[in-house]
Undergrad: 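Below is one structure. I have some questions about it.
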Amino acid sequence: MQLDVGDGQVDAAWVNSPLYRGFEQILLGKIPDDALVYAPRVCGICSVSQSVAAAFALGDAYRAETPPNGVLALDLIHAAENLIDHLTHFYLFFMPDFARPEYTAQPWHADIHARFRAIEGSAAPEFLQARTAFMHLMGLLAGKWPHSLAIQPGGCTRAVSARERLHLGNIVGAFRRFLEQRVFAAPLDEIVALDGRDALLHWQAAQAGQPGDLARFLALGEALELHTLGRAADRFMSFGAYREADGAPLFARGVWRDGGLDSLDVDGIAEDVSHSWMAGDTAPPRTARTLPDPGREGAYTWCKAPRLHGEAVEVGALARQLVDGHPLIRDLVAATGGNVLTRVVARLLESARILLAMQRWTDALIPGEPFHNPAAPLADAEGIGLTEAARGSLGHWVRIEGGRIRNYQIVSPTTWNFSPRDAAGQPGALEQALTGTPVDSPRHPRKIAVQHVVRSFDPCMVCTAH
Amino acid sequence: MNLLWLQSGGCGGCTMSLLCADTPDLLTRLDASGIDLIWHPSLSEAGMDEALRLFEDIRSGHLRLDALCVEGSLLRGPHGTGRFHMLAGTGQPMIEWVRELAAVARYCVAVGSCAAFGGVTAGGSNPTDACGLQYDGRYPGGLLGKDYRSGAGLPAINVAGCPTHPDWVLDTLHLLARGELGADDLDDLARPRMYTDLLAHHGCPRNEFYEYKASAIEPSDLGCLMEHLGCMGTQAQADCNVRTWNGEGSCTRGGYACINCTAPEFEEPGHAFLRTPTVAGIPLGLPTDMPKAWFIALSSLAKAATPQRIKENARADHVVARPGRKPDRK
Ligand code: SF4
Ligand code: SF4
């Protein structure tokens, strides 16, 4: 990350991604189904999301049909990853920053330090134990996590028996208790029913005695004015997530710009490489290539710059909840825009919504009915797989010729959020969000605010350039 | 035991797997092993500035480095510069940091198949010239060279797997901390024998189907995955089906083939991962320690003797024929 600092704040930022592995090159010439082995390894944090995108892309190419159980099992596996990802981010990556010595003088520091200090705070072991127990769902439905092969075009490889369905229900129920006792200290229904900023403030005030971690965060957010940090262009995109039985997504697809909702035109996506160490010109992922060019003039990152109709957009839980129209998030963004506070609130709210959906899906499984419909591979075909990883929109584009992968392009969430400038000089979402961030104010000493802004996107370095 | 963890050119999945450590959890086990995690890029509060000071202290001998864990493959490209992966905030390629720190570490541990052998990052045309710490695929060498020995006189220890199992890592570290892991405890690829003396096939719930070569044809069938769906469990050295993953899981329990991810070059099997290559209908890659002719003779005998129950269940996604019942007359 390179920052231009003037007058106590960031004037301009250049976000650099220092790792390139070349998955799109590795996949060339492979047997299409083998993408299901390679794709999850793009990212160990969102490996299921990568599997889902790959399976959707191949399923689209082969016109696969998935039976209802397969849809539900896939939703459960995927939701489990996204949910645990949100909380891993909150407990292990985001909150420990507030326990740092920079904040020792703050009145809230002792409490936050005791609870969220990395590894040693009281939250880390509690969360890790709840997390491990919850991930047994992955053992059961996906064989293992990360890097499962259970998700296939046409469904899932692991059928669930009646006994196992009960067991799944218990696993999900146990994690609900963790959410209700520790994260929220409130019933989930109460959280998802919050319909605006006032409702949230009331709720927070009523938490006074034994606050949950959300209330702790909100109090901290007030003290540090986190709603003033990290605002980008307030343009958001979601590919939509989780297929319900009627085919509609649980979280809607769309674009939020200028304070209103638009439909998403997938063909409007193109990747600009003017400031990336990549060869070539701006191209849509259907035809784009990924070829490193370490000597490219003016380049400063391995990350490409995806744009939607030429515009930089932000992706993630905030984008999803906004596009889906959750009243709390719509109201918060109307008041203060996308920022560090709203990104974190959206992530926790979404966690509550996901868990409730998981309970519904578990109940809807029908043991004895099929989980997978085999799809016949085609020698020449094209497919697109769009889904949402925890940290935002993820798309795989595949072209198959003569039974081999002729082209494979991956556009992952952090690529959108961490994209560099494009040919028009337009910065990516994080670059925009960093502009104006205080670097050494009494409230945010020693560049720590920069860290909060970066982390609020829940970045994933391996996704970025893959 | 001071432990420093670096993430090189992998996917971070080995760390994510580590967080799934079960009964007891990760933190309890680090504590019980007497391991002090002095820095981990995603688990530590300390940022890059503090990490750099630590590296300096290690380099200058002010801080003892007992164990260096490296996750992810070592990216030598482009053209040997290592520029495909610079350690953020240092302006120095990761491979240089790894060389320097490995030189002073008492033990050097490759976490996962990327760090051990190159792994998926070295797949296809290997665009980044990726390799493992002390292996380049199946060939000794890699980043550190085949003669490398850590301070304690051991080669880089290859806790291979993609991802690697949290127990494999934690048990290895625990043994190292106790001084109980020596050269004899490593196999011929420097993997801890504690998990590679078994096969993924051991303890697989499909063993009964294997006995009769009652095979799954489609994913989600219950039968053995070896004949048609690419399972390498009879060759893959790992205790996946005895130890299990995330509670009661494993690849074959999850309904898909073992792809032998603890082996070098698993990423390039030379055939589709999920289809068994055959010659004249006979699967290639039979168990390595059994004469082929015997295997074929036994299989055809077993197939002829397959009970109806096993035949039917092999092709279904749940038990359709119950045990203990006489076969229905057809
Ligand atoms: S070995 Fe597998 S899981 Fe581990 S870093 Fe490499 S690709 Fe990721
Ligand atoms: S599925 Fe694989 S591991 Fe299981 S019995 Fe068959 S060959 Fe062995």
Side-chain angles (χ1 to χ4, degrees), chain A residues 18-22 25-31 33-34 36-38 41-45 47 88 92-93 96-97 99-100 117-119 124-125 128-129 131-132 135-136 138-140 142-150 152 155-159 161 292 294 367-368 370-372 374 451 462, chain B residues 9-17 19-22 25-28 37 42-45 47 75 78 83-88 119-121 123-128 130 162-163 218-220 244-257 259 261 267 272-275 317-319:
Chain A
L19 170 66
Y20 174 77
R21 288 168 299 154
Q25 289 176 278
I26 291 171
L27 280 161
L28 291 181
K30 298 284 181 211
I31 293 150
D33 277 353
D34 286 355
L36 299 170
V37 172
Y38 295 101
R41 276 129 179 132
V42 165
C43 175
I45 307 181
S47 83
T88 305
L92 302 185
F93 307 150
D97 286 342
R100 292 175 59 92
R117 189 169 172 213
I119 301 185
L128 274 179
Q129 276 166 30
R131 180 187 192 277
T132 300
M135 294 303 262
H136 285 195
M138 293 297 200
L140 210 161
K144 73 170 200 259
W145 184 88
H147 305 341
S148 170
L149 272 163
Q152 299 271 329
C156 291
T157 59
R158 177 68 158 86
S161 69
F371 279 70
H372 183 264
Q451 180 130 336
V462 288
Chain B
C11 74
C14 288
T15 287
M16 285 298 122
S17 179
L19 291 179
C20 296
D22 213 335
D25 62 288
L26 172 65
L27 300 178
T28 310
L37 190 59
S42 48
L43 303 179
S44 298
E45 210 163 80
L75 311 188
R83 259 196 64 200
F84 279 131
H85 187 199
M86 307 293 274
L87 180 56
V120 279
T121 311
S125 59
N126 192 358
T128 57
C162 185
E218 294 296 343
S220 92
T244 71
W245 294 69
N246 302 103
E248 52 185 282
S250 75
C251 294
T252 60
R253 283 160 202 251
Y256 50 92
I259 58 171
C261 75
E267 69 278 4
F273 281 102
L274 299 180
R275 290 282 152 203
D317 72 359
H318 60 287
V319 172

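Chain A is the first sequence line, chain B the second, and so forth, proteins listed ahead of strands; every chain is numbered from 1. Everything numeric in this text was worked out from a predicted model, so none of it was measured.
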Undergrad: Do A:D33 and B:F273 have side-chain heavy atoms sitting under 4.5 Å apart?
TA: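 They are not in contact (no side-chain heavy atoms under 4.5 Å apart), so the answer is no.
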
Undergrad: Please classify the contact of A:I26 with chain B as side chain, backbone, both or neither, using a heavy-atom distance under 4.5 Å.
TA: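 When you check distances to chain B, atoms from both the backbone and side chain of A:I26 fall under 4.5 Å.
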
Undergrad: Please tell me if the side chains of A:Q152 and B:L274 come closer than 4.5 Å, counting only heavy atoms from C-beta onward.
TA: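 Counting from C-beta outward, A:Q152 and B:L274 do come under 4.5 Å.
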
Undergrad: Only one of A:L36, A:L149, A:V37 passes side-chain contact (heavy atoms from CB on, under 4.5 Å) with B:Y256; say which it is.
TA: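 Testing B:Y256 for a side-chain contact (heavy atoms from CB on, under 4.5 Å) against A:L36, A:L149, A:V37 leaves exactly one candidate, A:L149.
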
Undergrad: Can you name the nearest heavy-atom pair linking B:C20 to A:R131, along with the distance?
TA: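 Of all heavy-atom pairs spanning B:C20 and A:R131, the closest is SG-NH1, 3.6 Å.
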
Undergrad: Do you know which of A:G29, A:P96, A:G22 has the most heavy-atom pairs with chain B at a distance under 4.5 angstrom?
TA: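 Maximum pair count with chain B is reached by A:P96.
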
Undergrad: Below 4.5 Å, heavy atoms only, C-beta onward: do A:H136 and B:E248 meet side chain to side chain?
TA: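 Sidechains of B:E248 and A:H136: no contact.
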
Undergrad: Which is it for A:W145 and B:M16 under the side chain to side chain contact (heavy atoms under 4.5 Å, CB included) test, yes or no, and what are the steps along the way?
TA: CA-CA 8 Å; A:W145 184 88; B:M16 285 298 122; 3.6 Å; yes

Undergrad: Given that the side chain runs from C-beta out, which part of B:L37 has a heavy atom under 4.5 Å from chain A: side chain, backbone, both or neither?
TA: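 Contact with chain A involves the side chain of B:L37 alone.
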
Undergrad: Using a 4.5 angstrom heavy-atom cutoff, name the option from A:Q25, A:R41, A:H372 with the most pairs to chain B.
TA: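 Looking at each option in turn, the highest pair count goes to A:R41.
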
Undergrad: List the atom of A:R21, the atom of B:T128, and the distance in Å for their closest heavy-atom pair.
TA: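 Where A:R21 meets B:T128 most closely, the heavy atoms are O-CG2, 3.5 Å.
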
Undergrad: If you compare all heavy atoms of A:A118 against all heavy atoms of B:L43, which two are closest, and at what distance to 0.1 Å?
TA: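 Closest approach of A:A118 to B:L43, heavy atoms only: CB-O, 3.7 Å.
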
Undergrad: With respect to chain A, which residue among B:C261, B:A130, B:P127 yields the maximal number of heavy-atom pairs within a distance under 4.5 Å?
TA: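 Ranked by contacts with chain A, first place is B:P127.
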
Undergrad: Heavy-atom pairs under 4.5 Å with chain A - which of B:A257, B:G254, B:G9, B:A21 has more of them than the others?
TA: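 Between B:A257, B:G254, B:G9, B:A21, the count favours B:G254.
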
Undergrad: B:C11, B:G123, B:G249, B:C251: which one forms the most heavy-atom pairs within less than 4.5 Å of chain A?
TA: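 Of B:C11, B:G123, B:G249, B:C251, B:C11 has the most heavy-atom pairs under 4.5 Å with chain A.
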
Undergrad: Heavy-atom pairs under 4.5 Å with chain A: which of B:E218, B:M86, B:E45 has the most?
TA: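 Looking at each option in turn, the highest pair count goes to B:E45.
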
Undergrad: Could you tell me if the side chain of A:P146 sits less than 4.5 Å from the side chain of B:S17, heavy atoms only?
TA: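 They are in side-chain contact.
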
Undergrad: Is it the side chain or the backbone of A:P367 that comes within 4.5 Å of chain B heavy atoms, both, or neither?
TA: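 Nothing of A:P367, per the 4.5 Å heavy-atom cut-off to chain B.
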
Undergrad: May I ask you to test the B:C162-A:H147 pair for a side-chain heavy-atom distance under 4.5 Å?
TA: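 Yes, at least one pair of side-chain atoms sits under 4.5 Å.
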
Undergrad: Chain A: which of B:V319, B:V120, B:T252 shares the most heavy-atom pairs with it under 4.5 Å?
TA: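 Highest number of heavy-atom pairs under 4.5 Å: B:V120.
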
Undergrad: Indicate yes or no: at least one non-hydrogen side-chain atom of A:S161 is less than 4.5 angstrom from one of B:H318.
TA: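 Of all side-chain heavy-atom pairs linking B:H318 with A:S161, none is under 4.5 Å.
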
Undergrad: Identify which part of A:A142 has an atom lying under 4.5 Å from any heavy atom of chain B, answering side chain, backbone, both or neither.
TA: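 Contact with chain B: backbone only.
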
Undergrad: Are side-chain heavy atoms of B:L75 and A:L19 found at a separation under 4.5 Å?
TA: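 The answer is yes, as the side chains (C-beta and beyond) meet within the 4.5 Å cut-off.
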
Undergrad: So what's closer than 4.5 Å to chain A heavy atoms on B:L19: side chain, backbone, both or neither?
TA: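 Both backbone and side chain of B:L19 come within 4.5 Å of chain A.
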
Undergrad: For B:N246 versus A:M135, what's the shortest heavy-atom pair and its separation?
TA: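 Scanning both residues, the minimum pair turns out to be CB-O, 3.3 Å.
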
Undergrad: Between B:R253, B:R275, B:R83, B:E267, which residue shows the highest count of heavy-atom pairs closer than 4.5 Å to chain A?
TA: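 Of the options given, most contacts go to B:R83.
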
Undergrad: Under 4.5 Å from any heavy atom of chain A, what part of B:P78 do you find: side chain, backbone, both or neither?
TA: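 Only the side chain of B:P78 comes within 4.5 Å of chain A.
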
Undergrad: Looking at chain B, which one of A:C156, A:S148, A:A99, A:P292 has the largest number of heavy-atom pairs inside 4.5 Å, strictly under?
TA: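 Highest number of heavy-atom pairs under 4.5 Å: A:S148.
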
